[in-house]
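Working notes, beginning with the structure itself.
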Amino acid sequence: MYRFFVDESQIGKQEIAITGSDVNHIRNVLRMKPGERVTVSDGKKADYCCRIREVGSQTVIADILETEEAGGELPARIHLFQGLPKSDKMELIIQKAVELGVCQVIPTVTKRTVVKLDKKKEETKIRRWNSIAESAAKQSGRGRIPQVTEVMTLRQALASAKDFDVKVIPFEHARGMEETTRQLERIRPGMDVGIFIGPEGGFEDEEIFLAESEGVTPVSLGKRILRTETAGLMILSVIGYLLETRG
Ligand code: SAM
């Protein structure tokens, strides 16, 4: 069933008013008719199973048939601080991270970041990355649309994560999986978790020391060197598995 996201203000007692670009999608792309069913999410906690009543030029009215708790969310909020990668790898990372349950993706500039984005380019990229996040959220049945924030420096990223409950920086020179297990086993529902992934060239040692001084733990992701676009997805998968199996 197709999924659409609305603001809470569009949700009434018995009906929901879908507006904006979704109206064109429903009318002219999906060519949906009154009587057909859709899932509408308020982007926070609830999914509404609805039946389309009216397809107008600006608004689609859907009657609420049943309401259930948004199912597509992990019970902890995972924030991926992704070292800005080259070319369009970020699009793949965002799409897959959203499918895997990430709550927020923060593009992060580090010493070995090759990509240089001026303000204009950054704004264009952020808009594109958020639209990828929205499509991935719809496709994967998320209860909310994860946000791709503005680009941060590593220092800004560390500051924004200062009150998080668990913070790890995967570092290919970290030894053994004991610390990785220890950190990931600490994650519990309701927590905020920060994951810091370096760009293609990795982190400088001084960046690892800086992160450690801010309470972020270097962890190994195993004996192989993972590409920047693989590393974040790997640890997200493990965290998602632990949270979904532990409940
Ligand atoms: N400097 C690395 C090298 O030797 O080629 C490349 C860095 S890797 C492409 C990019 C990022 O993925 C790293 O900064 C780290 O965050 C993460 N990463 C990759 N493999 C890892 C591993 N085995 N353990 C921990 N982190 C890893």
Side-chain angles (χ1 to χ4, degrees), residues 74 76-117 125 129 132-133 146 148-162 164-187 191-243:
L74 289 177
R77 287 175 299 278
I78 317 298
H79 306 260
L80 174 63
F81 296 90
Q82 175 61 49
L84 216 44
K86 289 184 267 191
S87 69
D88 55 2
K89 284 180 202 167
M90 195 60 159
E91 298 192 6
L92 173 90
I93 294 167
I94 288 164
Q95 185 187 59
K96 300 310 166 201
V98 169
E99 292 172 48
L100 289 167
V102 80
C103 155
Q104 197 180 48
V105 179
I106 305 93
T108 306
V109 170
T110 67
K111 286 196 180 315
R112 294 181 187 167
T113 300
V114 172
V115 175
K116 296 282 174 264
L117 294 177
K125 287 272 184 198
W129 291 339
I132 287 172
V148 181
T149 70
E150 82 283 352
V151 176
M152 288 189 191
T153 64
L154 181 59
R155 276 187 190 284
Q156 289 168 330
L158 291 167
S160 74
K162 78 176 163 27
F164 282 11
D165 305 284
V166 177
K167 298 177 280 194
V168 293
I169 183 164
F171 182 45
E172 58 280 15
H173 303 303
R175 283 286 153 262
M177 298 298 277
E178 296 72 22
E179 191 56 44
T180 316
T181 305
R182 205 170 73 78
Q183 289 302 322
L184 299 192
E185 292 281 351
R186 286 178 52 223
I187 300 171
M191 283 189 172
D192 279 294
V193 179
I195 304 168
F196 294 79
I197 299 290
E200 289 85 351
F203 288 111
E204 304 257 351
D205 286 350
E206 65 184 89
E207 292 176 314
I208 299 293
F209 301 143
L210 173 67
E212 282 188 286
S213 70
E214 299 287 336
V216 183
T217 308
V219 294
S220 169
L221 297 183
K223 296 190 178 79
R224 293 161 302 289
I225 299 287
L226 308 178
R227 287 179 182 274
T228 186
E229 62 270 33
T230 312
L233 303 181
M234 183 263 186
I235 190 168
L236 261 173
S237 305
V238 173
I239 292 171
Y241 170 79
L242 289 172
L243 285 170

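Atoms considered below: every heavy atom in the structure, side chains included; atoms not considered: hydrogens, waters and symmetry mates. First listed ligand is number 1; within each ligand, the first listed atom is number 1.
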If you scan protein heavy atoms around atom 16 (O) of ligand 1, the nearest is Pro170 O, 2.7 Å
Should Lys162 and Glu214 count as an ion pair when the cut-off is N to O under 4.0 Å?
no
Under 4.0 Å from a heavy atom of Glu200: which atoms of ligand 1 are those, numbered in the order shown and with their elements?
6 (C), 7 (C), 9 (C)
Going by heavy atoms in the side chains, are Thr180 and Val238 under 4.5 Å from each other?
no
Assess the side chains of Glu204 and Thr110: does a donor N or O sit below 3.5 Å from an acceptor N or O?
no
Rounded at 0.5 Å granularity, tell me how far CD in Gln104 sits from CD1 in Ile78.
12.0 Å
Counting each atom of ligand 1 from 1 as listed, which ones have a heavy atom of Phe171 under 4.0 Å away?
24 (N), 25 (C), 26 (N)
Under a 4.0 Å threshold between the charged nitrogen and the carboxylate oxygen, would Glu207 count as salt-bridged to Arg112?
no
Apply the side-chain contact (heavy atoms from CB on, under 4.5 Å) test between Pro218 and each candidate in Glu179, Glu212, Arg175; give the one that qualifies.
Glu212
Give the single entry among Val219, Thr110, Val168, Leu226 that approaches atom 9 (C) of ligand 1 most closely by any heavy atom.
Leu226
How close does the nearest protein non-hydrogen atom get to atom 24 (N) of ligand 1, and which residue and atom is it?
Leu221 N, 2.8 Å
Are any of the N/O atoms on Ile225, whether in the backbone or the side chain, positioned under 3.5 angstrom from an N/O atom of ligand 1?
no
Protein heavy-atom partner closest to atom 11 (C) of ligand 1 - residue, atom, separation in Å:
Gly198 O, 3.5 Å
Would you say that Val151 contacts Leu117 through its side chain, given a criterion of any heavy-atom pair below 4.5 Å between the two side chains?
yes
Report yes or no: does Pro199 have a heavy atom closer than 4.0 Å to ligand 1?
yes
Check whether any N or O atom of Ala231, backbone or side chain, sits under 3.5 Å from an N or O atom of ligand 1, and answer yes or no.
no
Is any side-chain heavy atom of Leu80 closer than 4.5 Å to a side-chain heavy atom of Ile93?
yes
Would you tell me which option among Arg224, Met177, Glu172 has the nearest heavy-atom contact to atom 23 (N) of ligand 1?
Arg224
Pull out every atom of ligand 1 sitting under 4.0 Å from any heavy atom of Gly201, numbered as shown with elements.
1 (N)
